[in-house]
Protein chains: 2
Amino acid sequence: MSDVKTRPPEAAKRGRPRLDELTTSDLESIPALETIIGYRLRRAQLYVFQDFIESFTRMKLRPAEFSVLSVMARRPGLKQTEIAEELGIKRANFVALMDSLERRGLAERRKADTDKRSHSLHLTPEGVKFVRKMMAVWTAHEERLVEKLGGPEERDRLIELLDRIVARD
Amino acid sequence: MSDVKTRPPEAAKRGRPRLDELTTSDLESIPALETIIGYRLRRAQLYVFQDFIESFTRMKLRPAEFSVLSVMARRPGLKQTEIAEELGIKRANFVALMDSLERRGLAERRKADTDKRSHSLHLTPEGVKFVRKMMAVWTAHEERLVEKLGGPEERDRLIELLDRIVARD
DNA sequence: ATCGAATTGTTATGATACAGAACAATTAAA
DNA sequence: TTTAATTGTTCTGTATCATAACAATTCGAT
């Protein structure tokens, strides 16, 4: 009662493939997105970041900020550009990020006396305390992931494979 | 000649850790970013997308558009919302994306006669040809990645691990 | 020691990705 | 039939990311 144009009857039920497009015979060999590395990688990364973000909403901390605080905790005194480059953040975009951490009293820029252009970056005492809490939250998040993966060995396997992708040679 | 303030001499050389922050004794136990799943996942995903994007600049095709064309090729006739949801794209943001594909003559919205609200999405004949070329480019990209991973078995291992992460249960 | 080139932090700007609210047309449910 | 839900859409806001330009400073080659 609704089909006005002539058309194979089974094609009328929407949701069924219409084969009259121009035969998609060879297009049947198109890989499903499920088999595409980049697609799966992205979905997994989105999932992990989602969990991470939710874990840190209460602390008002975003992934990039987490990474910066981590580096400052382990290697205080690095210059802005050094940290930015290591984390793959453009130094132009690093400024606002560092401004925010400084405004919150978690980190500070110190004028380096050997090079008046650069700033060396450090956690404040308050920042140190913050990082301790941050790491506790992170540990819970990470353990959740390791469990989903099936144990620490699987985590290591995953990281090793990811390494191969990103290794430049 | 440059050190004005009293300070341990070795700390004067920038780049060396200053331990006078408030002892970071226990902070030494902070995990390096290299051991953090989310961080490694993100870096790997960025790398793969970078390669993908470069591969498709000539065709002026972005990852999201690739994924939409893929789905339309394999399962023509799906509604906008169905594709968007499957790909994790908000239907609001899907509109411009589909507009673009339609303007380029690669895809089209057909008014579904059973539900006047919805559109069923299809490749145009030109879109079919485009997808063939697209898949050739994609194959080269994917083979590059598989080689870096060390073979198809490693690719499968990776995908399986990524699956575990994103599997909801 | 000087002059041109490179570096550092910064600002400004634009492109893109992503999320939420609201709305009209239409369909489904009560 | 009235009410509620769905579909596509527009609008808007925010976060992310890249690029260009600039002043202050340092470095390098003479």
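So you know, we letter chains A, B, ... as the sequences are listed, proteins then strands, and number each from 1. Since we're looking at a predicted model, the values are computed, not measured.
- What separates CD of B/Gln45 from P of C/dA17 is a distance of 12 Å, to the nearest Å.
- Per the geometry, CD1 belonging to A/Ile83 stands 13 Å off P belonging to C/dT10, to the nearest Å.
- Residue-environment remark: CD (A/Glu160) exceeds the threshold of 12 foreign heavy atoms within 6.0 Å.
- Taking atom NZ of A/Lys90 as the reference point, atom C1' of C/dG14 lies 15 Å away to the nearest angstrom.
- Distances were taken from every side-chain heavy atom of B/Asp115 (C-beta onward) to each of D/dT10, C/dT16, C/dT26; the shortest belongs to C/dT26.
- Ranking C/dA12, C/dT8, C/dA19 by closeness to the A/Ala92 side chain, first place goes to C/dA12.
- In this structure, the nucleotide among D/dT9, D/dT25, C/dT10 sitting nearest to the side chain of A/Arg91 is C/dT10.
- A salt bridge links B/Glu154 and B/Arg157; the closest N-O separation between the charged side-chain nitrogens and carboxylate oxygens is under 4.0 Å.
- Nearest nucleotide to the A/Arg62 side chain, out of C/dT27, D/dA15, C/dG9: D/dA15.
- A/Lys111 places its NZ atom 12 Å from the C1' atom of C/dT10, with the value rounded to the nearest Å.
- What separates NZ of A/Lys116 from C1' of D/dA24 is a distance of 10 Å, to the nearest Å.
- Here the nucleotide nearest the side chain of A/Ser118, chosen from C/dG9, C/dT27, D/dT7, is C/dG9.
- In A/Glu147, the CD atom is not crowded: 12 or fewer heavy atoms of neighbouring residues, nucleotides or ligands sit closer than 6.0 Å.
- Nucleotide C/dA19 holds its P atom 13 Å from the CG atom of B/Leu87, rounded to whole Å.
- Remark on DNA chain C: of its neighbouring residues A/Leu46 and A/Gln80, the 5'-side contact belongs to A/Gln80, judged by nearest-heavy-atom nucleotide.
- Distances shorter than 4.0 Å separate none of the side-chain N or O atoms of B/Thr81 from OP1 or OP2 on D/dT6.
- When the nucleotides C/dC18, D/dA15, C/dG20 are ranked by their closest atom to the side chain of A/Arg42, C/dC18 comes out on top.
- Checking A/Arg117 against A/Ala64, the closest nucleotide of DNA chain D that is more toward the 5' end is the one next to A/Ala64.
- In this structure, B/Ile89 atom CD1 and C/dA19 atom P are separated by 10 Å, rounded to whole Å.
- Look at CD on B/Glu82: it is 13 Å from C1' on D/dG8, rounded to the nearest Å.
- In this pair, B/Phe66 and B/Phe52 present their aromatic rings perpendicular. The plane angle is above 60°, beyond the 30 to 60° band.
- B/Phe49 and A/Val48 are not part of a single hydrophobic cluster, where members link through side-chain heavy atoms under 4.5 Å apart.
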